[in-house]
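These notes are about the structure you will find just below.
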Number of protein chains: 2
Amino acid sequence: METIISSASKTVVIGPERPFCIIGERINPTGRKAFQKQLQAGDISQIDIDVEQQVLGGAHVLDVNVGDPLADEVALMREAVLRVQSLTDLPICIDSSVIAALDAGLSVYQGKALVNSVTGEDERLEAILPIVAKHGAAVVALVNDDEIRMDPADRLVIARKIVSVAGDYGIKPEDIVIDALAMPIGAEPRAAAYFFETLRLLRDELGVNTTCGASNTSFGMPGRHQLNAHFIATASTHGLTSAIMDARSPECVDGARAADVLHARDEYGMAWIKAHRAAQAAAAAV
Amino acid sequence: METIISSASKTVVIGPERPFCIIGERINPTGRKAFQKQLQAGDISQIDIDVEQQVLGGAHVLDVNVGDPLADEVALMREAVLRVQSLTDLPICIDSSVIAALDAGLSVYQGKALVNSVTGEDERLEAILPIVAKHGAAVVALVNDDEIRMDPADRLVIARKIVSVAGDYGIKPEDIVIDALAMPIGAEPRAAAYFFETLRLLRDELGVNTTCGASNTSFGMPGRHQLNAHFIATASTHGLTSAIMDARSPECVDGARAADVLHARDEYGMAWIKAHRAAQAAAAAV
């Protein structure tokens, strides 16, 4: 199954036979006090730096989140989407927990966006899916509802429900990217194992594309980049087709690219070789 | 199934529930002209440096190969095994294509060694397995015969044959570590995919432990350490329980350790945290 998203001039296809899709996650004020202050003052210029770094790092899609409880997120999202689209032709993943902000971002977006996210709760499905359908977008769907689910079978049940309800709104399974829930290994040693099993179930039973917030896994651990990188590449072998991740991490981007080489989605490693020669040339030029 | 090897004072267990077993491969003159010259002159002092680096890097077992067509390999192996055992308590993988050298090394070895390697050809099986049995050793068995096999099903057939013939010599399946043949991706884009499939077959059908020469995969490619690291961790998720690899590569050792974290063989990442804190402390001390 292939999920197609686009900007005005560029199409990105997410799918098991396609290069692993890197959704750059940096455009987000979470944990960034300076950026939060700027957003509260209506200043979105930091986005220019973030976009450049994510594009340079190798992102295929850019997640855009401008949520701040002290700011007007609806206005900010509209502005942010326009700004990002003026800077790059990469498709956008419009990311908000505020439904009006999703709608505002989608209203000005040129192309077919990805929406981040809906969950399995009825009220969220009923509120968000009509907007996704109205704009002809694709949507990230987290496999939890009113609680965090760890059991892969429970997660599959929620995924089935979301796919079914989305169908009622005219949204096809290929336009749903299931977030299979990457959780911290430091809290639950089997968190990654559950995640991999969830991926296999989703691939075998539903055939949908999948994503996750890749850095959650290593929360609280040292060597996060290395651990995240191995989490991404290992997840890819169990069916993960995209991740929301920081493209500024060469380790993590290498993980995604290595997975492509190892699974023959990058035949003879042509993309790998090109990326590594470019990195070597850049390092030599310093 | 668990493969137990040992030195006089240390036991290493290879198995699916155990930490991924790093068999340090550096003590080997292949591609090392200076070391080759030294061996030809009967000088094995380079081994001291190699052992120290592999131990420091995180090896659990040391592969020892002193093969050189211009040297007396039988005498060298005897000497090398004694020397390595005087330097470290890590178990040894005695590595030679010369049967008399394997026998000589095993004769002076204290503990239960791993022998590297036998293949599926009758004459090799008939020559090497009696020596393995005589010394009560374990053995690495490559799943090829007179030709390189790429098809996972063909590789399984050879593995079955080796396990069966070994049984005739009184060698149990747990004392056979199948080398599932890591081949260059630059020559065959599906080489890693075949390898992973072979691992799954070996795990599901025979339950034996497995290994490989991990660096073969990236032959001719840039970014070899990164690619090897992802190959190792990804292979682990398909059942690989050990690899013959250079423990001087932090990327590759991290790959093995990350696999332990991701598969809950390193609960709460305690070993990962310890190793990364030690590396940070060492870096800070420079």
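Counting non-hydrogen atoms of other residues, nucleotides and ligands closer than 6.0 Å to CD of A/Glu147 gives a total above 12. Residue A/Glu52 places its CD atom among 12 or fewer non-hydrogen atoms of other residues, nucleotides or ligands, all under 6.0 Å distant.
For the options B/Val261, B/Ile185, B/Asp266, B/Leu262, heavy-atom pairs under 4.5 Å to chain A are most numerous at B/Leu262. The most heavy-atom pairs under 4.5 Å with chain B, out of A/Ala191, A/Ala193, A/Gly255, A/Gly220, come from A/Gly255. The greatest number of non-hydrogen atom pairs below 4.5 Å with chain B, out of A/Pro222, A/Ala275, A/Ser218, A/Gly186, is found for A/Pro222. The candidate from A/Gln280, A/Met270, A/Glu267 with the greatest count of non-hydrogen atom pairs under 4.5 Å with chain B is A/Glu267. With chain B as partner, the option from A/Arg277, A/Arg265, A/Met221 having the largest number of non-hydrogen pairs under 4.5 angstrom is A/Met221. Comparing A/Gly223, A/Ala187, A/Ala192 by how many heavy-atom pairs each has under 4.5 Å with chain B, the most go to A/Gly223.
Atom CD of A/Gln226 sits about 11.5 Å away from atom CZ of B/Arg257, to the nearest 0.5 Å. Within the model, atoms CD of A/Glu251 and CG of B/Asp254 stand 9.5 Å from one another, a figure rounded to the nearest 0.5 Å. Atom OG1 of residue B/Thr237 and atom CZ of residue A/Phe196 lie 5.5 Å apart, to the nearest 0.5 angstrom.
Interface residue B/Ala229: backbone and side-chain heavy atoms are both found under 4.5 Å from chain A. Only the side chain of A/Thr217 comes within contact range of chain B, with at least one heavy atom under 4.5 Å from a heavy atom of that chain. Heavy atoms of B/Phe195 lying under 4.5 Å from chain A are absent altogether.
Taking all atoms of both residues into account, the shortest heavy-atom contact from B/Ala264 to A/Pro189 is CB-O, 3.4 Å.
Screening B/His230, B/His238, B/His263 for a side-chain contact (heavy atoms from CB on, under 4.5 Å) involving A/Thr234 leaves a single residue, B/His263.
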